[in-house]
Amino acid sequence: MTTTSPSLRLTWRGALEGARVSAALVPGVFIYAVAFGVLARTAETGLTAAFLMSALVFTGSGQVVSLQLWHAPFPILAMLATIFAMNARYVLMSASLRPALAGMPASHAYTSLFMLGDGNWIMAMRMHAQGNLEGGFLFGSGAAQYLVWCAGTVLGYLAGSLLGSPKALGLDFLLTAFCTAMAVAMWKGRDDAWPLLVGGGSAILAAQVIPGQWYIVIGAISGSVFGAFWKTRKQAQANV
């Protein structure tokens, strides 16, 4: 049984421990960030826009998808909807951390949650379950990746002209590979195939009838909504 200290605070000790533990994730984050920077240069976003996207959005999959929508006039609503759909899981992940951060002042908790990622969420949940979660762990583990992400974006953008065509390096396949890896990692059984089929089918159909890149948004939202419905239905059947 674990308890949460009512005096939990964001501390340097916890932040440094988080940065140390997350060091194993840094190389992968750096490579991904460089790849994003190269793709951003190809999309002609401008260095400032690419950097601000990494600094303010800080989500690899959402940023890469946004590059596919990067054309004038900019479809701001489509970009926002796409990023939200692809990263809606962070709403649930943040909620799951509430017991761990319950004793932390709101300003400290929200600062830590800005640094939330898939990797350090798993680490934080594990440490909380063991009763060893430091107040600054989530912030420190995320900050180490955040700094590398921003630096890698700039480096990739500046080095893009030296690296050549993203297609020649296979970087145009980055998003597909990333989403495939996530799908495999999250696969729990045959029931998971239905949301994937609905989302993929909706995207293919939308691409045929709707101009632009809206098929990305439609596929993501339809798959997510159907997945939520399907899970609720299966749970209801199990409780009967």
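Since the model is a prediction, treat every value here as computed from it, not as a measurement.
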Any heavy-atom pair between the side chains of Val21 and Phe137 that's under 4.5 Å? yes
Among side-chain atoms of Ser54 and Gln63, is any donor-acceptor pair under 3.5 angstrom? yes
Donor-acceptor under 3.5 Å (Thr45 side chain, Arg41 main chain): no
Here the pair of heavy atoms bringing Gly156 nearest to Val38 is O-CG2, 3.4 Å
Non-hydrogen atoms of Ala124 and Leu138 that approach each other most closely: CB-CD1, 4.1 Å
Determine whether more than 12 heavy atoms belonging to other residues, nucleotides or ligands lie under 6.0 Å from atom OH of Tyr110. no
Could you measure the distance from the CE atom of Met123 to the CG atom of Asn120? Nearest 0.5 Å is fine. 7.5 Å
Which distance, rounded to the nearest 0.5 Å, do you find between the CE of Met93 and the CG of Asp118? 4.5 Å
Given the rule in the side chain to side chain contact (heavy atoms under 4.5 Å, CB included) test, do Val57 and Leu52 qualify, once you have shown the distances and angles that lead to the verdict? CA-CA 8 Å; Val57 180; Leu52 288 177; over 6 Å; no
Which heavy-atom pair separates Leu25 from Gly119 by the least distance, and what is that distance? CD1-CA, 3.9 Å
With rounding to the nearest 0.5 angstrom, report the CG to CD distance, Leu116 to Gln145. 10.0 Å
Under 4.5 Å between side-chain heavy atoms, counting indirect links through other Ile/Leu/Val/Met/Phe/Trp/Tyr residues: same cluster for Ile31 and Phe58 or not? no
Would you say Leu80 and Leu67 are hydrophobically clustered, going by side-chain heavy atoms of ILVMFWY under 4.5 Å? yes
So how far is it from Tyr90 OH to Leu97 CG, rounded to the nearest 0.5 Å? 12.0 Å
Quick one: closest heavy-atom pair of Ala144 and Ser22, and the distance? CB-OG, 3.8 Å
Separation between OG (Ser141) and CD (Glu134), nearest 0.5 Å, reads 12.0 Å
Answer with yes or no whether the hydrophobic clustering places Val26 together with Phe139; edges join I, L, V, M, F, W, Y residues whose side-chain heavy atoms lie under 4.5 Å apart. yes
Using modelled atom types and a 3.5 Å cut-off, is there a donor and acceptor pairing between side-chain atoms of Tyr146 and backbone atoms of Met115? no
Would you say the ring centroid of Trp149 lies under 6.0 angstrom from that of Tyr32? yes
Donor on one side chain, acceptor on other, Ser94 and Trp121, under 3.5 Å: no
For Met53 and Ser66, which heavy atoms make the closest approach, and how far apart are they? SD-CB, 4.5 Å
What's the shortest heavy-atom distance between Ser96 and Met125, and which atoms? O-SD, 3.8 Å
Got a second to check how far Met104's CE is from Thr111's OG1, nearest 0.5 Å? 9.5 Å
Leu147, Leu155: one ILVMFWY side-chain cluster at the under-4.5 Å cut-off? yes
Report yes or no: do Phe30 and Phe51 belong to one cluster of Ile/Leu/Val/Met/Phe/Trp/Tyr joined by side chain heavy-atom distances under 4.5 Å? no
